K.L.:
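Mind having a look at this structure? Questions to follow.
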Amino acid sequence: MTPPRVRFAPSPTGYLHVGGARTALYNWLVARSHPDGVFALRIEDTDRDRSSAAMVDAILEGMRWLGLDWDEGPVHQADGVEGHRARALELLEAGRAYRDFTDPEELARIREEEPDRAVRWPREQWERLDPEEAELRTARGEHHAIRFRVPSGETTWEDRIHGTVRFRNEDLEDLVLLRTDGTPTYNLAVVADDAAMGINLVIRGDDHISNTPKQILLYEALGLPVPEFAHAPMILGPDGKRLSKRHGAASVGEFEARGILPEAMTNFLALLGWSPGDDRELFGPTELVEAFSLDRVGTKAAVFDVEKLEWMNGRYMEARDPSTLVEPVLEALGADRERAMEAASAQDPDGDARRRVLQLVSLLASRARTVTDLADALRIYLFDEVVPEEKAAAKHWYRKPEM
Ligand code: GLU
């Protein structure tokens with residue numbers, strides 16, 4: 001088997017979302033399943049207005065927290081713009097692309113007055129334009145986009161998750177490669193970069209299925225080897241809508257803040273779309289690498305069940321060496337950390353605060369579902385305070401007692 005060269009290619013326009021983390025994990029698992037597999041990281045930061053360095057840091061931090069180490073990169077897509085342009089010019093030269101001088105006002109008019117028009121730009125006019133005239137107009141500095149000439153026929157591929165996928169080329173419009181301002185589009189950049197990085201298997205969310213035929217056509221027109229594709233199913237909230245902030249936490253960092261352990265998160269993410277084929281549910285990273293295969297990733301959207309995540313987290317809390325939970329628990333105590341240490345010291349015969357905290361953690365960890373729960377349980381012992389469990393309080397008390 002050729003060693004897989006896979007990549008995770010997040011756009012740094014937000015935190016590491018659960019869906020992105022799952023994509024990163026599947027790529028990592030595939031890379032690690034082969035001794036020479038490579039997991040590369042590429043930051044897709046060509047959208048300068050929406051990308052930020054802080055988000056890049058947050059994404060990398062989320063990946064480190066999950067234990068997803070990468071072998072190459074991070075490569076920044078914005079550094080490759082010249083290479084992307086060169087690919088577009090290559091296609092132009094080969095007659096596989098053409099210059100489109102449609103006036104922006106004309107485009108706006110078509111959009112407004114003929115919204116149902118199948119071809120949303122005067123295709124005939126530019127597609128057939130004499131190349132010499134096109135060069136002349138370019139030399140005169142006339143603004144234009146470069147479009148790929150989609151050939152007739154159909155485009156198919158054997159998706160590692162979806163099986164045979166087929167698109168009629170007539171349903172794909174002649175995609176823009178370079179916009180009027182000279183910036184490369186996503187489909188061009190991704191093909192140029194994946195080829196430059198030697199990626200031979202693209203694993204990503206199935207929201208990218210409709211981009212895939214366009215990308216395959218570009219590989220073919222450029223004479224580049226076409227990678228394999230695997231499109232993982234969407235992740236939905238309990239209401240059946242795509243998982244988002246509306247469902248509460250949706251980024252990996254938020255789950256960390258809620259007291260979820262990284263090994264539980266990784267295990268849980270793996271099962272969002274993949275099943276081992278038997279009833280096992282708890283997998284450490286090594287077992288996951290061994291058990292995981294793209295063949296057992298389903299096509300049906302996966303529902304994110306927080307209850308299950310918390311249950312799983314409880315199991316991992318129990319399995320942990322309690323000493324490794326001391327620091328996370330102290331962190332979860334936040335502003336009360338100092339006070340907790342003082343109280344713990346007062347409760348230890350030798351004034352050893354850490355020893356007392358460890359003792360409490362060992363005693364209470366198996367009953368807590370999250371690190372936050374555990375910190376709350378510690379408060380009871382250290383501060384003599386009762387922290388009511390919200391649901392139980394709502395059921396059994398008329399009002400929350402003041403504390
Ligand atoms: N940057 C794209 C995204 O975040 C990923 C593109 C890809 O994996 O091909 O959706």
Side-chain angles (χ1 to χ4, degrees), residues 4-31 38-53 55-60 62-63 68 70 72-81 83-84 87 155 157 159-162 165 167 172 175 177 183-219 222 224-235 242-245 250-252 269 273 294 297 301:
R5 286 188 59 86
V6 296
R7 51 43 165 203
F8 175 48
S11 306
T13 53
Y15 291 99
L16 181 58
H17 184 268
V18 164
R22 200 261 328 250
T23 297
L25 173 64
Y26 283 7
N27 277 284
W28 182 86
L29 289 169
V30 166
V38 170
F39 177 44
L41 182 58
R42 180 173 71 236
I43 305 294
E44 304 218 313
D45 53 356
T46 41
D47 185 345
R48 287 295 191 190
D49 297 337
R50 291 179 61 225
S51 304
S52 81
M55 288 305 152
V56 174
D57 289 345
I59 290 170
L60 300 190
M63 290 181 63
L68 306 179
W70 54 94
E72 289 180 11
V75 169
H76 287 261
Q77 187 159 62
D79 294 340
V81 169
H84 308 150
R87 289 297 192 190
T155 303
W157 74 95
D159 196 278
R160 293 281 298 272
I161 294 171
H162 287 259
V165 186
F167 278 83
L172 310 170
L175 51 138
L177 302 173
T183 56
T185 53
Y186 156 72
N187 282 305
L188 172 66
V190 88
V191 167
D193 289 346
D194 281 341
M197 292 164 75
I199 300 303
N200 55 19
L201 170 59
V202 171
I203 306 170
R204 57 188 174 192
D206 64 12
D207 49 333
H208 283 291
I209 285 192
S210 59
N211 286 319
T212 306
K214 301 176 192 170
Q215 294 173 11
I216 291 176
L217 288 171
L218 291 182
Y219 281 105
L222 287 162
L224 297 166
V226 182
E228 282 196 282
F229 292 92
H231 289 94
M234 287 288 95
I235 300 175
R242 211 174 143 161
L243 187 72
S244 75
K245 202 91 194 93
S251 78
V252 166
L269 287 174
L294 288 171
V297 176

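First listed ligand is number 1; within each ligand, the first listed atom is number 1. Residue indices begin at 1 and follow the sequence shown. All heavy atoms count here, side chains included; hydrogens, waters and symmetry mates do not. Worth saying up front: this structure is predicted, and the values here are computed from it rather than measured.
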K.L.:
Would you say that Arg42 contacts His76 through its side chain, given a criterion of any heavy-atom pair below 4.5 Å between the two side chains?
P.N.:
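When only atoms from C-beta onward are counted, His76 and Arg42 do not touch, as no gap falls below 4.5 Å.
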
K.L.:
Tell me, please, which residues at least two apart from Phe229 pass side-chain contact (heavy atoms from CB on, under 4.5 Å).
P.N.:
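Per chain and number, Phe229 pairs via side-chain contact (heavy atoms from CB on, under 4.5 Å) with Trp157, Asp159, Val202, Arg204, Thr212, Gln215, Ile216, Tyr219, Val226, Pro227, His231.
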
K.L.:
Identify, chain by chain and in numerical order, each protein residue with a heavy atom under 4.0 Å from an atom of ligand 1.
P.N.:
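Contacting ligand 1 under 4.0 Å are Arg7, Ala9, Ser11, Glu44, Tyr186, Val190, Arg204, His208.
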
K.L.:
Quick test of your reading: applying salt bridge (Lys or Arg N to Asp or Glu O under 4.0 Å), list the pairs with at least one residue in residues 7-23, sequence neighbours left out, ordered by first then second residue.
P.N.:
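Checked against salt bridge (Lys or Arg N to Asp or Glu O under 4.0 Å) - neighbours excluded - the pairs reaching residues 7-23 are Arg7-Asp194.
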
K.L.:
Are His84 and Tyr186 close enough, and set up right, to give a ring-ring contact (aromatic ring centres under 6.0 Å, His included), and what steps lead you there?
P.N.:
CA-CA 10 Å; His84 308 150; Tyr186 156 72; over 10 Å; no

K.L.:
What pairs with Ser11 under side-chain contact (heavy atoms from CB on, under 4.5 Å), at least two apart in sequence or on another chain?
P.N.:
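side-chain contact (heavy atoms from CB on, under 4.5 Å) list for Ser11, sorted by chain: Thr13, Glu44.
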
K.L.:
Tell me which one of Leu41, Asp45, Leu16 satisfies side chain to side chain contact (heavy atoms under 4.5 Å, CB included) with Pro10.
P.N.:
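Between Pro10 and the candidates, side chain to side chain contact (heavy atoms under 4.5 Å, CB included) is satisfied uniquely by Leu41.
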
